[in-house]
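All values below come from the heavy atoms of this structure, side chains included, with hydrogens, waters and symmetry mates left out.
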Amino acid sequence: MGELAGDRDSFEVRLANVFDEVKHHLDERARRLLLGAMAREIGHGGISLVAGVTSTATDTVGRGVAELAAGIEPDGRIRRRGAGRKPVTETDPGILAALDELVDAESRGDPMRALRWTTKSTAKLADELTSGGHPCSARTVAPLLKQLGFSLHGNSKTIEGRQHPDRDAQFRYINELVSSFQAGGEPVISVDTKKKELIGNYANAGTEWSREPERVNDHDFADKQLGKVAPYGVYDLTANAGWVNVGTSADTAAFAVESIRRWWEHVGRHRYPEAARLLITADSGGSNGSRLRLWKTELATLAAQAGLEITVAHFPPGTSKWNKVEHRLFSFITMNWRARPLTSHQVVIETITATTTKTGLKVRAMLDTSTYEKGIKISDNEMRTWEARHLHRHDFHGDWNYTVTAGPGADAA
């Protein structure tokens, strides 16, 4: 090293040659100490110089210098305590390619797309990798899958099936109706029935923080006394407020309209005292389906009782997820009672009314123990007579968009 005052370039070349000649015979720690010794011998600027000529990180050379200065005794270790193991991709460079090929054979969908997924568990993948010469554990496979762009997913409901040619036009029509009603201060509600829920000590999806898990029945057979409930939701788009009528009987058209009637009597008429019209947006199926005769005739009775002209706009088939009540009301109710057994009707009511959001959603609920008869029929002749008196179909898709009025004899319909 005493030649440093001479030809600097020649010295740096010789230094690099010495390191290149021995580095492959040294483990990680020995290389680090050799680099540190070189830097200490050079003195001021030695760390930068050694790092530069040996293409090594200055941190590595600096650690070598620090370890020598601390007087560390040989202990048989290669890496310092707490440094951990090297990544498996470093000790086994071929493992990622092997895993990618292994998973690709079982992938669903186009393997060139980003949304790839596999049906194999990490344990099975680890076994196959190990048998293929890449020993690893299931805990190792999981982060490797993430590096390859995989992640755990459930099903995503995004495929709507064959789209109706007037799908987008109906969406625009609904939007125009909503804007028109809101501009005039008239109420606009979105309605639907949430899926039926078992009442009793049954498991409910989701998780929540607790010291002990809630113990529930290991079966889902309905309790003969408690049965199920059908929550019918009414979401006020303007007020960002929800109303849920929790029915204990059948989910029929009569139940659907009764739910709207209760919302109007307890909330709507007080919130909109000057209203002459009501706009309802709903799915095309279920108890408020666009083809249900009883749904329309019951609405005429409500129109007569409330003194309202009721307009209904249905979402095209297969697009129920766009209904506001789904993601503005029902989704938050589901989040609120996750992992909580619905042990009684009172628990259902209290849990629904406790639902709030950061945007100010308020929800009210009541129990409906009335019995609703199934299978009520309205003949073709009765329906034709009724429509002539009470139903006005809009020019655009009159099967989806129509206005119901009281008219003469509405109660008899």
Side-chain angles (χ1 to χ4, degrees), residues 1-105 111 114 116 118 120 122-151:
M1 297 295 178
E3 299 292 330
L4 185 59
D7 186 355
R8 185 181 182 88
D9 291 339
S10 176
F11 166 74
E12 293 180 0
V13 170
R14 294 199 305 274
L15 191 65
N17 289 339
V18 168
F19 182 70
D20 287 339
E21 189 173 353
V22 301
K23 68 180 181 180
H24 298 295
H25 303 284
L26 304 175
D27 59 37
E28 181 181 327
R29 187 185 194 195
R31 285 197 299 271
R32 187 169 64 247
L33 294 176
L34 175 60
L35 293 168
M38 290 178 176
R40 286 182 53 160
E41 185 65 23
I42 293 171
H44 181 70
I47 292 177
S48 298
L49 190 149
V50 170
V53 300
T54 60
S55 300
T56 307
T58 55
D59 282 351
T60 301
V61 180
R63 286 202 304 273
V65 171
E67 289 175 9
L68 291 171
I72 297 176
E73 296 293 332
D75 58 4
R77 296 181 63 88
I78 294 176
R79 311 192 81 193
R80 63 183 175 83
R81 292 185 182 276
R85 297 179 180 178
K86 288 186 177 180
V88 68
T89 51
E90 189 174 329
T91 59
D92 185 359
I95 193 170
L96 270 181
L99 178 60
D100 190 54
E101 183 178 355
L102 188 63
V103 175
D104 183 59
R116 295 169 55 195
T118 179
K120 289 186 175 179
T122 53
K124 290 182 178 179
L125 290 170
D127 289 343
E128 295 192 33
L129 283 172
T130 300
S131 63
H134 302 279
C136 63
S137 67
R139 294 181 64 181
T140 301
V141 171
L144 292 179
L145 284 171
K146 289 184 179 180
Q147 289 186 47
L148 291 172
F150 289 87
S151 59

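- In this view, Thr56 and Thr54 satisfy the side chain to side chain donor-acceptor pair (under 3.5 Å) rule, not counting sequence neighbours.
- Here CD1 of Ile95 is found 12.5 Å from CG of Asp100. Values are rounded to the nearest 0.5 Å.
- What you find for Leu68 and Gly36 is that their closest heavy atoms are CD1-C, 3.7 Å.
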Check step by step if side chain to side chain contact (heavy atoms under 4.5 Å, CB included) holds for Gln147 and Leu99. CA-CA 11 Å; Gln147 289 186 47; Leu99 178 60; over 6 Å; no

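- Side-chain contact between Thr140 and Leu129: absent, with no pair of heavy atoms (C-beta onward) separated by less than 4.5 Å.
- Minimum heavy-atom separation, Ala39 to Val65: CB-CG2, 3.8 Å.
- By the side chain to side chain contact (heavy atoms under 4.5 Å, CB included) test, Thr91 is found to be paired with Lys86, Val88, residues two or more places apart in sequence or in another chain being considered.
- In terms of heavy atoms, Ala69 sits closest to Arg40 at N-NH1, 3.2 Å.
- Between atom CG of residue Leu144 and atom OG1 of residue Thr122 there is a gap of 11.0 Å, rounded to the nearest 0.5 Å.
- Between the OG atom of Ser137 and the CG atom of Leu125 there is a distance of 12.0 Å, given to the nearest 0.5 Å.
- Expressed to the nearest 0.5 Å, how far CZ of Arg63 lies from OG1 of Thr60 amounts to 4.5 Å.
- Listed by chain and number, the residues in a side chain to side chain contact (heavy atoms under 4.5 Å, CB included) with Arg31 are Phe19, Lys23, Leu26, Glu28 (sequence neighbours excluded).
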Compile the donor-acceptor pairs under 3.5 Å between side chains in residues 42-53 and protein atoms, sequence neighbours left out, one pair per line.
none

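- Shortest non-hydrogen contact noted between Ala138 and Ala126 is N-CB, 3.6 Å.
- Residues passing the salt bridge (charged side-chain N to carboxylate O under 4.0 Å, His left out) test with Glu21, sequence neighbours excluded: none.
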